[in-house]
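Proteins get letters first, then strands, A, B, ... in listed order; numbering begins at 1 in each.
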2 protein chains.
Amino acid sequence: MKRTTPYSSPNTATPDQATSQSERATLTLREMLVQGRFLPGERLREVPLAKELGVSRIPLRLALERLAHEGFVDTRPTRGFTARQFDIADISDAIDLRGAIEGMAARFAAERNVRTEELATLRSTHEKMAELVRNGKLTLELVSEYIALNAEFHAEVLRLSGSRQLQRALDQICCLPFASPNAFLRRQYLAPESRDLFQMSVEHHRAIVEAIEFREGARAESLAREHARIARRNLESALANKTLGEVPGLQLIKL
Amino acid sequence: MKRTTPYSSPNTATPDQATSQSERATLTLREMLVQGRFLPGERLREVPLAKELGVSRIPLRLALERLAHEGFVDTRPTRGFTARQFDIADISDAIDLRGAIEGMAARFAAERNVRTEELATLRSTHEKMAELVRNGKLTLELVSEYIALNAEFHAEVLRLSGSRQLQRALDQICCLPFASPNAFLRRQYLAPESRDLFQMSVEHHRAIVEAIEFREGARAESLAREHARIARRNLESALANKTLGEVPGLQLIKL
DNA sequence: ATACCACGGTTTGCATGCAATAATGTCCGG
DNA sequence: CCGGACATTATTGCATGCAAACCGTGGTAT
């Protein structure tokens with residue numbers, strides 16, 4: 001039950017490779033919740049759920065406890081767990097919150113990181129992304145590559161901030177699948193203004209690297225904040241076009 | 001195991017009034033961890049710990065799981081839990097992070113809250129605090145009252161933000177006892193510049209209310225951020241004067 | 001001397017079953 | 001016909017005990 005790297009959020013792991021029953025239960029249940037398998041507010045009874053998941057109640061309970069901390073279920077003592085409902089405000093705010101924390105991370109990186117050569121990885125990741133976007137049309141395959149690089153980029157900024165607390169805070173926000181920086185990228189790929197959005201992202205990244213390099217903390221911070229707003233544009237666009245299907249975790253939104 | 005109101009952080013509850021074994025275990029263990037009862041990195045073996053706490057391993061395990069999410073213990077699968085070590089950077093960053101989130105809350109309150117009469121509670125809480133500080137010397141008793149009002153004030157700003165996500169984020173940060181807005185107040189009471197710091201706090205609050213009232217989001221945000229820095233001043237001062245004892249959770253800091 | 005493996009004790013992970021509490025249905029009085 | 005007390009069922013909370021994974025030790029082969 002370790003989340004090894006930031007932004008490699010839990011949704012990427014598959015239940016099959018779980019090392020323990022409680023981990024399998026956690027992964028499967030989280031997936032079920034994200035898929036909207038439960039009605040909002042629906043009570044999750046332990047015995048039937050355990051039978052369905054093929055685990056006993058003890059690991060199931062541990063899984064529910066974790067998911068409660070991650071915000072997927074609510075808990076009332078001696079009255080069990082209920083599926084959590086999210087609304088648009090939750091998504092918007094979660095994205096903004098991520099922006100604020102990533103903003104702090106970028107600022108810390110700018111203010112604290114001294115050695116230029118430490119920026120090599122960040123710069124190289126940025127270059128690869130810029131290359132992808134520069135070279136003609138993005139295929140689905142290239143988008144997957146972009147997504148991986150994007151996760152790397154965000155993780156590297158976080159690493160450069162050197163702050164465990166920021167890391168923790170971001171981990172906890174990105175538990176919500178729709179709050180992660182990659183949440184909307186597959187959908188963005190389908191958007192009419194797709195190309196523009198990817199280009200804007202890359203330009204944001206470029207400027208962030210530059211700001212960190214020149215120790216421009218305030219600039220780095222506001223850039224990272226604004227960068228997160230692309231996700232909100234995608235959210236609005238997805239809502240308008242009813243293309244929520246491409247976005248992980250958006251099935252369980254109350255409209 | 002519900003945290004009903006924000007800022008009424010877990011440390012206030014006593015293990016005696018726990019309704020379940022796992023809750024009692026959580027409260028007791030958290031207290032033990034905060035008191036520095038374990039060496040940093042020390043492995044927490046379930047059987048002896050359970051015996052010491054007078055509960056069985058199942059509720060203890062649930063407690064450990066929760067504390068892992070709160071950041072007090074680390075976990076490695078099949079290798080148990082270990083006591084977490086904190087350092088000065090963790091505290092500083094946690095305080096800054098709180099400032100950032102409270103800043104967002106203040107901004108949201110300014111940008112979203114429309115009706116003036118909704119500010120009545122906030123204003124009244126602020127007035128009471130101002131009164132306390134205005135009327136001569138703060139006794140220990142008055143400081144306790146101040147602390148309660150301070151929690152109320154911060155909770156009210158959060159409430160006015162209307163954001164569940166911010167609430168969640170703040171709850172999670174304030175799990176760390178030294179990150180809460182009240183963490184340093186008892187210590188601040190003992191500081192030579194005590195009076196000035198309380199006055200400064202009240203002035204911050206006044207300005208925050210004003211900014212919210214006039215919909216000055218950016219101002220509200222930066223005020224709330226700066227307001228949190230008072231805690232960092234207290235931290236530095238406590239470090240310099242070696243008066244860490246007055247600050248909850250500062251026994252477990254590696255210097 | 002070092003690397004490897006076998007093995008015993010220790011510790012975690014989990015399934016089962018029981019007790020206590022909450023939800024639900026039933027019956028009776030108004 | 002409706003509301004409240006009580007009985008019944010359903011559901012959570014937990015203790016016990018067992019099995020598997022892990023760690024350290026010692027012995028053996030290279």
Separation of [N] [atom2] from [X] [atom1] (nearest whole Å):
| X | N | atom1 | atom2 | answer |
| --- | --- | --- | --- | --- |
| B:Lys51 | D:dC14 | NZ | C1' | 19 Å |
| B:Leu60 | C:dT12 | CG | P | 9 Å |
| A:Phe81 | D:dA10 | CZ | P | 22 Å |
| A:Asp74 | D:dT12 | CG | P | 15 Å |
| A:Leu49 | D:dT11 | CG | P | 12 Å |
| B:Glu46 | C:dT11 | CD | C1' | 8 Å |
| B:Ile58 | C:dT12 | CD1 | C1' | 11 Å |
| B:Glu23 | D:dT12 | CD | P | 18 Å |

Is it the case that the side chains of A:Thr26 and A:Arg66 hold a donor-acceptor pair, with the cut-off being a distance below 3.5 Å and no angle test?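 Yes, A:Thr26 and A:Arg66 have a side-chain donor paired with an acceptor closer than 3.5 Å.
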Can you see whether B:His154 engages B:Glu102 through a side-chain donor-acceptor pair at a distance of less than 3.5 angstrom?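 There is such a pair between these side chains.
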Nucleotide N/O of nucleotides 19-23 of chain C paired with protein N/O under 3.5 Å:
residue : atom : partner : partner atom : Å
C:dA23  : OP1  : A:Arg79 : NE           : 2.4
C:dA23  : OP1  : A:Arg79 : NH2          : 2.9

- Task: Salt-bridge test for B:Asp93 and A:Arg164: reply yes if a basic N is under 4.0 Å from a carboxylate O, no otherwise.
- Result: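 No.
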**Asked** Should A:Arg84 and A:Glu70 count as an ion pair when the cut-off is N to O under 4.0 Å?
**Response**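 So A:Arg84 does not pair with A:Glu70 through a salt bridge.
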Note to self: Taking side-chain contact (heavy atoms from CB on, under 4.5 Å) as the criterion, tell me which of B:Asp96, B:Ile88, B:Asp90 meets it with B:Ser92.
What the structure shows: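 Of B:Asp96, B:Ile88, B:Asp90, side-chain contact (heavy atoms from CB on, under 4.5 Å) with B:Ser92 is met by B:Ile88 alone.
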Heavy atoms only, 4.0 Å cut-off, all strands: where does A:Leu44 land among base, sugar-phosphate and nothing?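 Sugar-phosphate contact only.
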Report which part of the nucleic acid B:Ser56 touches: base, sugar-phosphate, or nothing (heavy-atom distance under 4.0 Å, all strands).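 Answer is base: heavy atoms of B:Ser56 come under 4.0 Å of a base.
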Practice task
Validate the cation-pi geometry between A:Arg112 and A:Phe108: distance from NZ or CZ to the six-membered ring centre under 6.0 Å, angle to the ring axis within 45°.
Solution key: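 Yes, A:Arg112 sits over the ring of A:Phe108.
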**Prompt:** Less than 6.0 Å separating the ring centroids of A:Phe184 and A:Phe178?
**Reply:**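 No; A:Phe178 has its ring centre 6.0 Å or more from that of A:Phe184.
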- prompt: Are A:Tyr146 and A:Tyr189 near enough that their ring centres are under 6.0 Å apart?
  reply: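 Not under 6.0 Å, so no.
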Problem - First of B:Leu62 and B:Arg57 reached from the 5' end of DNA chain D, by closest nucleotide - result: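 Whichever sits nearer the 5' end wins; that is B:Leu62.
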Handout entry: 5' precedence on DNA chain C between A:Arg45 and B:Val47 (nearest-nucleotide basis)
Key =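 It is B:Val47, whose closest nucleotide lies nearer the 5' terminus.
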ask   = What stems, by residue range, does DNA chain C take part in, given at least 3 consecutive Watson-Crick or G-U pairs under 3.5 Å?
value =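 DNA chain C forms these stems: C:1-30 with D:1-30.
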Sequence-distant partners of B:Phe81, ring pair (Phe, Tyr, Trp, His ring centres under 6.0 Å), two or more places apart
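B:Phe81: no ring pair (Phe, Tyr, Trp, His ring centres under 6.0 Å) contacts found.
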